Amino acid sequence: SDRLHKNKKRDTIIYAPRNVSFDRPVDVIMWFHGLNGFAARTFKTRVLSHTKFLSRSQGNYIIIVPEMPWSRNTHTTHSRQGRVFTRTGQYSTFFNSCVEKINVILGRDPSKFKVGTVILIGHSAGGSTLKSISKSGGLDWLYAHRRAKSIKIIFSDAGYGRWTETTWKNFKMRSSPKTEFILLTRKWDRPYNNTMKFLKKFKKIPSNIKHEVFNRKNMTHGQIGDQALSWAHMHTQMCCEQIE
């Protein structure tokens, strides 16, 4: 329910490929969109266009795309950034409700749903969602209660304010070898500057942080969002910064 939404409620898209097997661990990919997002065209470009690659590279996943309170269907594009999953238990309730919906549709026993890697992608304003989930303990809950095999957090040109730093600071399992942070930025933009400030606070940048910097001449903010999902199952050697 959302009284500030034109439909008085926000939707969630759950995409399950035909070949997904729920008899083995399933990777759960959550995409948190940016300002004025949740459009059909954006979903086709940023989610559906990557599904063949994801199936070839790893093969067993579902994608969950919740509509944020700054979607194109609301009038609060700025004022409600970061105001989702702020309370303890809110993210776990949402996560479990998505799993329950899948099991109801398939007629399966929810206790048999095995979680593999959980991949959280925040593009632009969606980075505030990652911050909120971390502050409310949602990331640590994934390890403690859902028994996620590993967690990958992707900031897709989303490091506004101190969102990246706050997410890292409040995630108790941030240094686990099963945790990976991927920071995608466009050089000299605000997310890039904030990310560099965050990284400079380390005497030695942790090996599980990868900072990928794109050339402004070759990549727009929107294009970084278009390719963000491809990083979900991309296996790359960790580095602190790489210029394209």
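Treat the numbers as computed from the prediction; the structure is a model and nothing was measured. Values below: all heavy atoms of this structure, side chains included; hydrogens, waters and symmetry mates excluded.
Put simply, the side chain of Asn208 gets close to the backbone of Thr179: a donor and an acceptor are under 3.5 Å apart. A donor-acceptor pair under 3.5 Å is absent between the side-chain atoms of Ser1 and the main chain of Lys9, judged by distance alone. In terms of modelled atom types and a separation under 3.5 Å, the side chain of Ser176 and the main chain of Met173 share no donor-acceptor contact. For the pair Ser71 (side chain) and Asn73 (backbone), a donor-acceptor distance under 3.5 Å is present. In this structure a side-chain-to-backbone donor-acceptor pair under 3.5 Å is present from Asn215 to Lys217. In terms of modelled atom types and a separation under 3.5 Å, the side chain of Ser134 and the main chain of Thr167 share a donor-acceptor contact. Tyr143 places a side-chain N or O within 3.5 Å of a backbone atom of Lys178 that can act as its donor or acceptor partner.
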Report task. Could you give me the CA-CA distance, side-chain angles and deciding distance for Ser230 and Gln227, then say whether side-chain contact (heavy atoms from CB on, under 4.5 Å) is met? Result -> CA-CA 6 Å; Ser230 66; Gln227 72 150 12; 4.1 Å; yes
Query raised in the report: Yes or no on side-chain contact (heavy atoms from CB on, under 4.5 Å) for Trp231 and Lys210, after CA distance, side-chain angles and deciding distance?
Result: CA-CA 11 Å; Trp231 289 85; Lys210 175 180 177 60; 3.4 Å; yes
Report task. Start with the C-alpha distance between Trp31 and Arg46, add both sets of side-chain angles, then the distance that settles side-chain contact (heavy atoms from CB on, under 4.5 Å), and finish with yes or no. Result -> CA-CA 9 Å; Trp31 167 275; Arg46 295 183 174 173; 3.7 Å; yes
Requested in this report: Could you give me the CA-CA distance, side-chain angles and deciding distance for Ile154 and Leu120, then say whether side-chain contact (heavy atoms from CB on, under 4.5 Å) is met?
Outcome: CA-CA 6 Å; Ile154 303 174; Leu120 305 177; over 6 Å; no
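The distance from the CG atom of Asp27 to the NZ atom of Lys152 is 9.0 Å, given to the nearest 0.5 Å. In this structure, NE2 on His33 lies 5.5 Å from CE on Met68, to the nearest 0.5 angstrom. In this structure, the separation between CZ on Phe155 and CH2 on Trp163 is 9.0 Å, given to the nearest 0.5 Å. A distance of 5.5 Å separates CG in Asp11 from CD in Glu67, rounded to the nearest 0.5 Å. A distance of 10.5 Å separates CD1 of Ile205 from NZ of Lys200, quoted to the nearest 0.5 Å. If you take OG on Ser49 and CG on Leu54, they are separated by 9.5 Å, rounding to the nearest 0.5 Å.
Side-chain atoms of Ile62 and Ile102, non-hydrogen and from C-beta on, do get closer than 4.5 Å to each other. Between Val213 and Tyr192, the closest side-chain pair of non-hydrogen atoms falls below 4.5 Å. Here the side chains of Ile29 and Leu229 are in contact, with some heavy-atom distance below 4.5 Å. By the 4.5 Å heavy-atom criterion applied to side chains, Lys112 and Asp109 are counted as neighbours. Counting heavy atoms from C-beta outward, Ile224 and Arg186 have side chains that approach closer than 4.5 Å. Under the 4.5 Å side-chain criterion, counting only non-hydrogen atoms from C-beta, Pro206 is in contact with Ile209. Under the 4.5 Å side-chain criterion, counting only non-hydrogen atoms from C-beta, Thr51 is not in contact with Pro17. With contacts defined as side-chain heavy-atom distances shorter than 4.5 Å, the pair Gln223/His221 does not qualify.
If you look at Phe38 and Phe43, their ring centroids are not closer than 6.0 Å. Aromatic pair Phe32/Trp70: centroids not less than 6.0 angstrom apart. With ring centers used as reference points, Phe95 lies under 6.0 Å from Trp141.
Taking a cutoff of 4.0 Å between a charged side-chain nitrogen and a carboxylate oxygen, Asp140 and Arg174 do not qualify as a salt bridge.
Of all heavy-atom pairs between Thr86 and Ser132, the closest is CG2-OG, 4.1 Å. Scanning all heavy atoms of the two residues, the minimum distance from Val115 to Val118 falls at CG1-CG2, 3.5 Å. Between Ala228 and Ser156, the shortest heavy-atom contact is CB-OG, 3.5 Å. Heavy atoms only, all atoms of each residue included: Ala158 and Gly122 are closest at CB-O, 3.3 Å. Taking all atoms of both residues into account, the shortest heavy-atom contact from Pro25 to Asn60 is O-ND2, 2.9 Å. Val26 and Ser21 get closest at one heavy-atom pair: CG2-O, 3.6 Å.
At a cut-off of 3.5 Å, with distance as the only test, no side-chain donor of Thr164 or Thr195 sits close to an acceptor on the other residue. Side-chain contact annotation: His211 with Thr185, donor-acceptor N/O pair under 3.5 Å present.
The only member of Phe171, Tyr91, Phe94 that meets side chain to side chain contact (heavy atoms under 4.5 Å, CB included) when paired with Ile133 is Tyr91.
Hydrophobic clustering keeps Val99 apart from Val104 (ILVMFWY residues linked when any side-chain heavy atoms are closer than 4.5 Å, directly or through intermediates).
Taking the salt bridge (charged side-chain N to carboxylate O under 4.0 Å, His left out) definition, one finds that Glu165 meets it with Arg162, Lys201, sequence neighbours left out.
More than 12 heavy atoms of other shown residues, nucleotides or ligands fall within 6.0 angstrom of atom CZ in Arg108.
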